[in-house]
Amino acid sequence: MTRWQKTVFAVIMVQLLSILILFHLLTDNYRALGIAKYAVISSIFMASFFQKRPAREHTLLFSAILFLWVGDFFLILAGTLPGVSPNDLWVKIGGMIGFFIAYFSLIFAYNRNVTLGRKDFMAMIPVLLVVVPVFFILTPHTHGLMTLWALVFTFFLSYMAWSAICTVHRGYYERKYAIRFAIAGYLMFLSDMGVGFSFFYPGLHRNMPWLGTEIWLTYIPAWTLILINLSEDKLRRE
């Protein structure tokens with residue numbers, strides 16, 4: 001990595017460590033913790049905003065980070081505003097739409113040299129090993145419109161993670177960048193499985209604070225890897 005990339009990575013990891021500490025110090029202060037969380041997301045967005053975007057792939061990665069920032073406005077910051085609850089339906093729907101567009105952008109970036117060979121099917125295994133049991137655990141706790149949104153979102157999330165893993169063997173991107181994409185995609189997938197539990201499983205997030213730690217330990221490094229790839233001049237294999 002370049003010096004800039006190493007610096008950005010170090011700064012964001014320090015911010016992540018601070019958030020993990022604040023989980024324990026600000027357990028009952030949702031507003032302060034929410035603002036601190038959104039500050040980390042905003043730092044990723046601001047760093048991406050000033051990056052050059054010489055190719056379509058760079059534009060797609062920036063679009064993903066932009067809508068990550070928008071989605072987290074609803075899921076993290078909106079709930080800190082007076083009169084707004086993080087459990088309000090419009091807050092959850094707004095956040096899911098933001099992340100839906102973000103993942104759609106990543107899917108477009110990942111779907112290059114698409115094949116359906118043995119390696120592609122093998123890449124489904126780590127995704128299915130997680131999504132199938134989570135689906136059966138959470139489905140009884142979803143109702144109405146949220147059930148439909150959860151199904152659609154889970155499909156696109158799983159497809160995004162699978163596509164990210166497939167970049168390693170499809171040969172469109174330089175291998176080291178493809179490995180970053182694969183790690184980032186799977187970490188996002190694990191993070192959002194945790195978010196699914198916090199959304200739909202009654203009381204789990206409050207009673208098991210480790211869930212928030214799992215979400216952020218996978219979430220922030222994943223998007224930091226996307227930011228690092230965005231800062232590369234050339235992603236494609238020559």
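All values below come from the heavy atoms of this structure, side chains included, with hydrogens, waters and symmetry mates left out.
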Practice task
Sort and list the pairs that fulfil salt bridge (Lys or Arg N to Asp or Glu O under 4.0 Å) and have at least one residue in residues 156-166, not counting sequence neighbours.
Solution key: none
Exercise for the section: Examine distances only and state if a side-chain atom of T218 and a backbone atom of M188 form a donor-acceptor pair shorter than 3.5 Å. Expected result: no
Handout entry: Y110 side-chain N/O to A178 backbone N/O, donor-acceptor pair under 3.5 Å
Key = no
Completion exercise
Smallest heavy-atom separation, L68 atom then A102 atom, equals N-CB, 3.9 Å
Completion exercise
The remaining residues in the hydrophobic cluster of V14, counting side-chain heavy-atom contacts under 4.5 Å among Ile, Leu, Val, Met, Phe, Trp and Tyr, are none
Problem - Residues in ring pair (Phe, Tyr, Trp, His ring centres under 6.0 Å) contact with F153, at least two apart in sequence or another chain - result: Y103
Handout entry: No-hydrogen, no-angle side-chain donor-acceptor test under 3.5 Å, Y172 and E57
Key = yes
Problem - Any donor-acceptor N/O pair, T154 side chain to L151 backbone, under 3.5 Å - result: no
Problem - Short side-chain to backbone donor-acceptor contact, R236 and K234, under 3.5 Å - result: no
Problem - Short side-chain to backbone donor-acceptor contact, S48 and F45, under 3.5 Å - result: yes
Exercise for the section: Only counting residues at least two apart or in another chain, list the ones meeting side chain to side chain contact (heavy atoms under 4.5 Å, CB included) with L75. Expected result: D72, F99, F199
Practice task
Give a yes or no answer on whether the side chain of S163 reaches the backbone of Y159 with a donor-acceptor pair at less than 3.5 Å.
Solution key: yes
Return a table of donor-acceptor pairs under 3.5 angstrom between the side chains of residues 115-127 and protein atoms on other chains or two or more places apart.
residue: T115; atom: OG1; partner: D120; partner atom: OD1; Å: 2.7
residue: D120; atom: OD1; partner: G117; partner atom: N; Å: 3.1
residue: D120; atom: OD1; partner: H169; partner atom: NE2; Å: 3.4
residue: D120; atom: OD2; partner: H169; partner atom: NE2; Å: 3.4
residue: D120; atom: OD2; partner: R170; partner atom: NE; Å: 3.1
residue: D120; atom: OD2; partner: R170; partner atom: NH2; Å: 2.7

Fill in the blank from the handout: OG of S191 to CD1 of I220, rounded to nearest 0.5 Å, is 8.0 Å
Handout entry: R53 atom CZ, neighbour heavy-atom count above 12 within 6.0 Å
Key = yes
Practice task
Not counting sequence neighbours, which residues clear ring pair (Phe, Tyr, Trp, His ring centres under 6.0 Å) with F108? List them please.
Solution key: F104
